[in-house]
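All values reported here derive from a predicted model rather than from experimental measurement. Residue numbers run from 1 in the order of the sequence given. What you see below is based on every heavy atom in this structure, not just the backbone, and it leaves out hydrogens, waters and symmetry mates.
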Amino acid sequence: MLFAYAEALVFAYKLKKVEKKSGRFDLIVFRGHGTFSHVWPLKDKRFVFVCESTQNKKHFGKHSKRIYSLLFSNRRMVCVSEGAKLSFMDLIESFNISCESVLTISNPNDYEHIFRESVNLMPDVAYHAKPYILGLGRLVPGKNFPLLIDAYCFARQHYGLKQDLVIVGEGREKDTIKNKIKALGLEDCVFLKGQQNNPFPWYKQADLFVLSSKSEGLGMVLIEALACGTSVVATNCPGGVGDIMVGKLRDFLAEQTPESLAQKMILALEQAKVPELKADVAKALEQFDEEYIVRKYRDAYLT
């Protein structure tokens, strides 16, 4: 935040250079608090700030009200889900911050790109040879991979689950997760694959994708998994998961306990080919299609 004035000047200078070459932009969209903190001193009616997560009112400690006011006052704001919007509205009402507008517009997805990449297998990548269940994301507390491992262990012990568990991602909880795997005696069936440049083949080859998060601004990993044709299970956590899991997909929302998550994992594996799911998956994906999202931005700001 302290360097934002200098950073904003640099951004404005570079933006002017780009526009001189390419023409003036009608709309400029910034995504995420990390981006906002670099450009907040600038005031431009074309700017839209997109909140991609639920809010923590104590994130900046005793300076939270002041900093959030600098970031959001008189801004055109977008939240990526209804759950994210509820969290954002609670924050700005608590701190008495006035925004120019607050809308819900989700993240766009290029499904053709996702499909192409899902079958683009790289010769130097060691894909998992056995059937597996997938968890994917940053190895941080909010993603709650320990819950996924506990649920997987419960499913093996009580439901006879045979698939391996594969976790793709890196983060500061890696050692904690390794220790849990060892403590539960799961070294032969739970595998940490690290960060992968192309995650989409990992979705496509999985029997099931599981999101075990404590909260999600939207839950893009669920959209990506569904776009790859993979069944999904998710914790019924605060944020945007409920926007994705519509219709019969709601049957695969779990409470944040190992027992509930394990039960939903088994249910999803059993019902992976239920015909009624196809229509609800298509309905879920339609609302996150890139052309649809672009139209929403145009209708909101350019008409």
Side-chain angles (χ1 to χ4, degrees), residues 1-110 138 142 215-220 223 238-240 243 287-303:
M1 296 291 292
L2 292 175
F3 299 102
Y5 287 100
E7 292 172 325
L9 286 173
V10 172
F11 176 83
Y13 170 75
K14 291 187 175 181
L15 175 62
K16 190 173 292 185
K17 285 185 66 176
V18 171
E19 289 189 312
K20 188 175 181 180
K21 182 183 297 185
S22 304
R24 181 177 169 82
F25 298 125
D26 297 316
L27 195 65
I28 301 173
V29 179
F30 299 93
R31 310 189 77 88
H33 288 185
T35 306
F36 308 159
S37 64
H38 298 297
V39 298
W40 65 263
L42 298 176
K43 303 295 181 182
D44 189 315
K45 288 294 184 182
R46 298 173 297 166
F47 289 0
V48 175
F49 280 13
V50 180
C51 286
E52 298 193 299
S53 61
T54 53
Q55 305 299 313
N56 177 2
K57 288 186 282 188
K58 298 179 180 179
H59 181 72
F60 299 107
K62 64 181 181 181
H63 303 293
S64 291
K65 180 175 182 178
R66 171 62 176 163
I67 292 176
Y68 280 128
S69 295
L70 290 173
L71 292 177
F72 300 140
S73 289
N74 302 313
R75 298 285 187 189
R76 297 193 296 184
M77 301 299 305
V78 162
C79 299
V80 297
S81 67
E82 287 299 327
K85 183 179 179 182
L86 283 172
S87 175
F88 182 77
M89 295 302 297
D90 179 53
L91 181 143
I92 64 172
E93 289 168 4
S94 297
F95 292 140
N96 196 27
I97 298 169
S98 178
C99 299
E100 183 176 323
S101 60
V102 183
L103 304 178
T104 301
I105 303 177
S106 191
N107 287 331
N109 291 269
D110 182 346
R138 291 175 295 121
S215 68
E216 285 285 345
L218 178 58
M220 286 289 287
I223 299 169
D243 292 9
Q287 63 182 324
F288 306 108
D289 177 71
E290 62 178 0
E291 292 186 7
Y292 175 73
I293 298 301
V294 169
R295 285 199 302 272
K296 292 197 73 172
Y297 271 99
R298 285 176 174 166
D299 292 344
Y301 299 114
L302 300 179
T303 57

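- Within the 4.5 Å cutoff, no side-chain heavy atoms of E291 are placed close to those of P108.
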query: For Y301 and V29, what are the C-alpha separation, side-chain angles and deciding distance, and is it a side-chain contact (heavy atoms from CB on, under 4.5 Å)?
result: CA-CA 11 Å; Y301 299 114; V29 179; over 6 Å; no

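- Between V102 and C79, the shortest heavy-atom contact is CG1-SG, 4.3 Å.
- Aromatic ring pairs are classed by plane angle as parallel below 30°, tilted from 30° to 60° and perpendicular above 60°; the pair Y68 and F95 is parallel.
- In this structure, G83 and T54 approach most closely via the heavy-atom pair O-CG2, 4.5 Å.
- Between K65 and S69 the shortest heavy-atom distance is O-OG, 2.7 Å.
- A donor-acceptor pair under 3.5 Å links the side-chain atoms of S64 to the main chain of G61, judged by distance alone.
- In terms of the side-chain hydrogen bond (donor to acceptor under 3.5 Å, both in side chains) criterion, residue partners of K45 (sequence neighbours excluded) are, by chain and number, E100.
- N109 has its side chain within reach of M220: a pair of non-hydrogen atoms, C-beta onward, lies under 4.5 Å apart.
- Using cut-offs of 30° and 60° on the angle between ring planes, the pair F36 and F72 is perpendicular.
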message: Run the side-chain contact (heavy atoms from CB on, under 4.5 Å) test on R24 and R46 for me, step by step, so that the C-alpha distance in whole Å, both residues' side-chain angles and the decisive distance to 0.1 Å come before the verdict.
response: CA-CA 10 Å; R24 181 177 169 82; R46 298 173 297 166; 3.4 Å; yes

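- Considering CG of L70 and CH2 of W40, their distance stands at 4.5 Å, rounded to 0.5 Å.
- Using a 4.5 Å cut-off on side-chain heavy atoms (C-beta onward), D243 and S106 make no contact.
- Aromatic ring centroids of F49 and F88 lie 6.0 Å or more apart.
- Pairs passing the salt bridge (charged side-chain N to carboxylate O under 4.0 Å, His left out) check and including a residue from residues 71-94, sequence neighbours excluded, read K57-D90.
- Panel note: side chain E52, backbone L218; no donor-acceptor pair is recorded below 3.5 Å.
- Of the inter-residue distances, the one linking I92 atom CD1 with M77 atom CE reads 8.0 Å to the nearest 0.5 angstrom.
- A distance of 10.0 Å separates CG in D44 from CG in L27, rounded to the nearest 0.5 Å.
- For K16, the NZ atom is loosely surrounded, since the number of other residues' heavy atoms within 6.0 Å does not exceed 12.
- Separating the OG1 atom in T303 from the OH atom in Y297 is a distance of 14.5 Å, to the nearest 0.5 Å.
- Residue R138 qualifies as open at atom CZ: its count of foreign heavy atoms under 6.0 Å is 12 or below.
- Taking both residues in full, the closest heavy atoms of A4 and S37 are given as CB-O, 3.3 Å, listed atom of the first, atom of the second, then distance.
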message: One pair to check against side-chain contact (heavy atoms from CB on, under 4.5 Å): I28 and L15. What are the steps and the verdict?
response: CA-CA 10 Å; I28 301 173; L15 175 62; 3.7 Å; yes

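- Atoms CZ and OG1, on F11 and T35 in that order, are 9.5 Å from each other to the nearest 0.5 Å.
- Residue L91 comes nearest to I97 through the heavy atom pair CD2-CD1, 4.4 Å, listed as atom of the first residue, atom of the second, then distance.
- The shortest heavy-atom contact between S81 and G239 is OG-C, 3.8 Å.
- In the displayed structure, Y292 atom OH is contacted under 6.0 Å by at most 12 heavy atoms of other residues, nucleotides or ligands.
- In the displayed structure, N96 atom CG is contacted under 6.0 Å by at most 12 heavy atoms of other residues, nucleotides or ligands.
- Counting only distance, with no hydrogens or angles, the side chain of S87 and the backbone of Q55 share a donor-acceptor pair below 3.5 Å.
- Atom CZ of R295 and atom CG of D289 lie 7.5 Å apart (nearest 0.5 Å).
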